[in-house]
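What follows is one structure encoded as structure tokens, with my remarks underneath.
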Amino acid sequence: MASVVSDEAQPKLKLYSYFRSSCSYRVRIALNLKGLDYDYIPVNLLKGEHRNPEFLKLNPIGYVPALVDGDVVISDSLAICVYLDDKYPQHPLLPKDLKKKAINFQAASIVSSSIQPLQNLYVLKYVEEKGGPDEKLSWVKYHIGKGFAALEMLLKDYAGQYATGDEVFLADLFIAPQVHAAIKRFSLDMSEFPLLVRLNEAYSNIPAFEAARPENQPDTPSS
């Protein structure tokens with residue numbers, strides 16, 4: 001369970017997060033699945049708090065999330081998930097089967113390399129400045145759709161109840177936040193992606209996923 005604390009506290013785990021960040025969302029799911037208590041430290045991207053010198057000491061590139069575990073500081077959601085999986089083996093995030101493990105990494109990479117960076121706030125702001133608000137929406141829908149089509153093709157022979165079978169693994173942690181953003185933020189027509197729609201419905205029944213949703217975070221605006 002997450003709670004907001006000040007930087008002066010010394011919790012075992014600290015997660016620097018922004019409620020709407022899909023990268024932070026992935027890590028919140030991982031922490032919840034593993035049953036790890038952590039303190040939630042909000043970083044307001046709209047107010048530029050990710051550019052504060054204090055935060056840049058944690059992550060020089062200025063992105064969320066960042067995880068602090070004692071004297072260990074890790075940024076990048078994939079690196080954090082792998083670290084958590086190595087240190088806290090309960091509820092493994094990767095299957096033992098090497099082929100399925102590779103598919104999980106591949107699906108995670110499609111989301112983290114080919115979709116999510118192209119919908120970042122600074123990218124969308126640049127696109128809007130150059131082409132206007134309509135161009136911004138067209139841009140983001142095109143790139144999400146391209147990535148979703150790739151995920152549908154990749155996972156069609158592996159998916160069970162979840163992305164790569166009947167257990168929740170790393171691919172699911174990356175897919176769930178991206179589908180949520182596509183629907184809630186960008187109103188993407190999901191009719192062309194039936195597998196992802198089905199997975200999204202399955203995720204809604206998992207408490208660890210529900211607790212990690214943007215609308216359930218300590219820094220979610222009240223209105």
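- Pro65 and Asn59 get closest at one heavy-atom pair: O-ND2, 4.4 Å.
- A single hydrophobic cluster is seen to contain both Val123 and Ile61, as judged by linkage of ILVMFWY side chains at heavy-atom distances under 4.5 Å, directly or through other members.
- One finds the CG atom of Leu94 at 12.0 Å from the CD atom of Glu167 (value rounded to the nearest 0.5 Å).
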Between Val72 and Tyr83, does a side-chain contact (heavy atoms from CB on, under 4.5 Å) hold up when you go through it step by step? CA-CA 10 Å; Val72 176; Tyr83 170 84; 4.0 Å; yes
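- Asp97 places a side-chain N or O within donor-acceptor distance of the main-chain N or O of Lys99, the cut-off being under 3.5 Å.
- Among pairs with a residue in residues 184-205, none fulfils salt bridge (charged side-chain N to carboxylate O under 4.0 Å, His left out), at least two apart in sequence or across chains.
- Of all non-hydrogen atoms in Arg28 and Ser17, the two that sit nearest each other are NH1-OG, 3.0 Å.
- Counting non-hydrogen atoms of neighbouring residues, nucleotides and ligands closer than 6.0 angstrom, the OH atom of Tyr126 reaches no more than 12 such neighbours.
- Among pairs with a residue in residues 120-129, those fulfilling salt bridge (charged side-chain N to carboxylate O under 4.0 Å, His left out) read Glu128-Lys136, at least two apart in sequence or across chains.
- The minimum heavy-atom distance linking Asn104 with Ala171 is given by the pair OD1-N, 2.9 Å.
- Checked against ring-ring contact (aromatic ring centres under 6.0 Å, His included), Phe19 has no partners two or more places apart in sequence or in another chain.
- Using modelled atom types and a 3.5 Å distance limit, the side chains of Gln119 and Gln178 yield a donor-acceptor pair.
- Going from atom CG of Leu195 over to atom CD of Glu152 covers 4.5 Å, rounded to the nearest 0.5 Å.
- The salt bridge (charged side-chain N to carboxylate O under 4.0 Å, His left out) contacts involving residues 55-69 comprise Asp69-Lys87, where partners must be two or more places apart or lie in separate chains.
- The two atoms that bring Cys23 and Val64 nearest to each other are CB-O, 3.9 Å, heavy atoms only.
- Applying the side-chain contact (heavy atoms from CB on, under 4.5 Å) rule to Ala176 yields the partners Ile29, Tyr203, Phe209; only residues at least two apart in sequence or on another chain are considered.
- The ring-ring contact (aromatic ring centres under 6.0 Å, His included) search around His180 returns Tyr25, not counting sequence neighbours.
- Within the 4.5 Å cutoff, the side chain of Asn44 has no heavy atoms near those of the Asp219 side chain.
- In this view, Lys34 and Asp85 satisfy the side chain to side chain donor-acceptor pair (under 3.5 Å) rule, not counting sequence neighbours.
- Residues Val140 and Leu118 have side chains not in contact (no heavy-atom distance under 4.5 Å, counting atoms from C-beta outward).
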Candidate pair Met190 and Ile183, rule side-chain contact (heavy atoms from CB on, under 4.5 Å), full reasoning: CA-CA 8 Å; Met190 294 292 293; Ile183 296 171; 3.8 Å; yes
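- Nearest approach of Leu173 to Ala30, heavy atoms of both residues: CD2-CB, 3.6 Å.
- Arg26 is linked by a side chain to side chain donor-acceptor pair (under 3.5 Å) to Ser77, counting only residues two or more places apart in sequence or in another chain.
- In this structure the side chain of Leu151 reaches within 4.5 angstrom of the side chain of Val111, judged on heavy atoms.
- Inter-residue side-chain proximity for Leu15 and Asp39 is flagged as unmet; no heavy-atom pair is nearer than 4.5 Å.
- A distance of 8.0 Å separates SG in Cys81 from CG in Leu31, rounded to the nearest 0.5 Å.
- When all heavy atoms are compared, the tightest approach of Ile80 to Ile74 is CD1-O, 3.6 Å.
- Rounding to the nearest 0.5 Å places CH2 of Trp139 at 9.0 Å from CG of Leu124.
- In this view, His91 satisfies the ring-ring contact (aromatic ring centres under 6.0 Å, His included) rule with no residue, not counting sequence neighbours.
- Remark: Ser187 OG to Leu137 CG distance equals 7.5 Å, nearest 0.5 Å.
- The hydrophobic cluster containing Leu56 does not contain Val43, counting ILVMFWY residues as joined when their side-chain heavy atoms lie under 4.5 angstrom apart, directly or transitively.
- Under the side chain to side chain donor-acceptor pair (under 3.5 Å) criterion, Ser22 pairs with no residue, sequence neighbours left out.
- For Phe169, there are no ring-ring contact (aromatic ring centres under 6.0 Å, His included) partners, not counting sequence neighbours.
- Looking at Asp76 and Tyr63, their side chains never bring a donor and an acceptor atom within 3.5 Å of each other.
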For the pair Val82 and Leu170, evaluate side-chain contact (heavy atoms from CB on, under 4.5 Å) and give the outcome as yes or no after the intermediate values. CA-CA 9 Å; Val82 172; Leu170 186 73; 5.6 Å; no
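- Within a 6.0 Å sphere centred on CG of Leu46, heavy atoms belonging to other residues, nucleotides or ligands number more than 12.
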Can you list the steps and then say if Ile110 with Phe105 is a side-chain contact (heavy atoms from CB on, under 4.5 Å)? CA-CA 9 Å; Ile110 288 174; Phe105 276 120; over 6 Å; no
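- The salt bridge (charged side-chain N to carboxylate O under 4.0 Å, His left out) contacts involving residues 170-182 comprise nothing, where partners must be two or more places apart or lie in separate chains.
- The shortest distance between side-chain heavy atoms of Ile206 and Tyr162 falls below 4.5 Å.
- Leu154 is listed as a side-chain neighbour of Gln106, based on a closest heavy-atom distance under 4.5 Å.
- Hydrophobic clustering of Ile, Leu, Val, Met, Phe, Trp and Tyr side chains at less than 4.5 Å, counting indirect connections, keeps Tyr142 apart from Phe193.
- Side-chain contact between Leu13 and Asp37 is absent, with no heavy-atom pair separated by less than 4.5 Å.
- Ion pair Glu215/Arg213 flagged as a salt bridge, since at least one NZ, NE, NH1 or NH2 atom sits closer than 4.0 Å to an Asp/Glu carboxylate oxygen.
- For the atom pair Tyr16 OH and His50 NE2, the distance stands at 16.0 Å (nearest 0.5 Å).
- Residues Thr164 and Leu155 have side chains in contact (heavy-atom distance under 4.5 Å, counting atoms from C-beta outward).
- Listed for the Asn216 side chain is a donor-acceptor partner under 3.5 Å among the backbone atoms of Glu210.
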